[in-house]
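Here the structure comes first, spelled out in structure tokens, and everything after it is commentary.
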Amino acid sequence: MTACVKDRSGGRRLAAVALTVVAAASSIAGLVSCSTGDGDSGSSSPFSPRPTPPSTASFSGTPPSSLPSAAASALASASAAASSASAAASAFEASVSAEVARANQEAAAELKKVTGKGNATSDVTLVGKPRSETGGLLAVVVRITNRTDQQAAYAVQVDFTDSTGKVVESRVVGASDLAPGKGAQPLAISRKPPDLKLTATIAKAQRY
């Protein structure tokens, strides 16, 4: 009887140990399953959302000014206008006779010798020419009259001044072989853009 009781007691111990081992194994399997059940999330780095760009409402200061580009555009327009006016003046002058062109060149050479305003300012007057006849260019008729009793040639420098009196351009015209009492009417044409407000004045007039 005693031996039989001991066997039963030992059997209970073995059964208890076996249950404990089974429970432990189950717990370990559960832990392994929880940590590796989702293979992607378990092996990847922590999730990082896409960064949100900062709000421009919190920025200080002002955007870059458009003035530099506007200034560049204005300079380009002014340069184009000046080139156009110069080309138009050249074309207009090309229509005059070769004799007038020669007289103007001779007059320019003569005025280089003159000191002061010259000896013939009283023989010269200026009359504006309608822009409708000059393609919009500023031009003046230089009326030269030989008031002496001898044949003479004339050289006249016309200055174009702005509203401040500053000379912005000078043109030279001439007339050759004028008999006493006779006259000539060469044109002095500005090469500046037509929109400039310029005034023509007699700077020099030489009789020779």
Side-chain angles (χ1 to χ4, degrees), residues 69-208:
S69 60
S73 178
L75 288 175
S77 298
S79 177
S83 298
S84 178
S86 180
S90 296
F92 193 89
E93 289 174 337
S95 65
V96 304
S97 68
E99 182 179 351
V100 173
R102 182 189 61 78
N104 290 349
Q105 292 177 351
E106 183 180 314
E110 186 65 27
L111 285 179
K112 291 180 179 179
K113 309 173 188 177
V114 176
T115 300
K117 295 183 70 67
N119 61 9
T121 54
S122 61
D123 293 347
V124 180
T125 58
L126 301 179
V127 179
K129 190 170 183 64
R131 290 180 184 262
S132 60
E133 299 178 12
T134 63
L137 297 173
L138 172 61
V140 292
V141 178
V142 183
R143 289 182 174 175
I144 303 170
T145 302
N146 182 5
R147 302 182 187 281
T148 70
D149 57 1
Q150 297 180 356
Q151 181 173 293
Y154 285 81
V156 181
Q157 176 181 322
V158 177
D159 284 351
F160 292 94
T161 61
D162 61 17
S163 58
T164 67
K166 178 183 177 181
V167 177
V168 298
E169 185 180 18
S170 294
R171 305 293 289 166
V172 174
V173 298
S176 301
D177 303 326
L178 288 182
K182 299 297 182 179
Q185 298 185 7
L187 287 176
I189 306 171
S190 172
R191 293 175 178 267
K192 297 299 180 180
D195 59 337
L196 292 180
K197 304 300 182 183
L198 301 178
T199 301
T201 59
I202 299 171
K204 294 180 181 181
Q206 183 72 7
R207 181 178 56 251
Y208 60 98

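Just so we're clear, the structure is a prediction, and the values are computed from it rather than from any experiment.
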Closest contact, heavy atoms only, K117 versus A203: NZ-O, 3.3 Å
Can you confirm whether V124 sits close enough to V142 that some side-chain heavy atom of one is under 4.5 Å from a side-chain heavy atom of the other? yes
Roughly how far apart are L126 CG and T201 OG1, rounded to 0.5 Å? 7.5 Å
Roughly how far, to the nearest 0.5 Å, is CG of D177 from NZ of K182? 14.0 Å
When R207 is tested against each of N146, T121, N119, D123 for side chain to side chain donor-acceptor pair (under 3.5 Å), which residue passes? D123
Donor-acceptor pair, side chain of E169 and main chain of R191, under 3.5 angstrom: yes
Minimum-distance pair of heavy atoms, taken over all atoms of A184 and A175: CB-CB, 3.6 Å
Is it true that T164 and D162 share a donor-acceptor pair across their side chains at a distance under 3.5 Å? yes
What closest approach, in Å, do A188 and R171 show between heavy atoms, and which atom pair accounts for it? CB-CB, 4.3 Å
Rounded distance [0.5 Å steps], NZ in K166 versus CG in D159: 13.0 Å
Nearest 0.5 Å, please: how far is CG in L138 from OG1 in T199? 8.5 Å
Hey, mind stepping through Y208 and E106 against side chain to side chain contact (heavy atoms under 4.5 Å, CB included) and telling me if it holds? CA-CA 11 Å; Y208 60 98; E106 183 180 314; 3.0 Å; yes
Do you know which two heavy atoms are closest between S190 and F160, and how far apart they sit? N-CZ, 3.9 Å
Using every non-hydrogen atom in the two residues, find where G174 and N104 come nearest and quote the distance to one decimal. N-OD1, 2.8 Å
Under 3.5 Å: donor-acceptor pair, side chain of T148, backbone of Q150: yes
Taking the side chain as every heavy atom from C-beta outward, state whether R143 and V127 have any pair of such atoms under 4.5 Å apart. yes
Minimum heavy-atom distance V141-K129, with the two atoms named: CG2-CB, 4.3 Å
Under 4.5 Å between any side-chain heavy atoms of T134 and I189, yes or no? no
Side chains of I202 and V158: closer than 4.5 Å at any heavy-atom pair? no
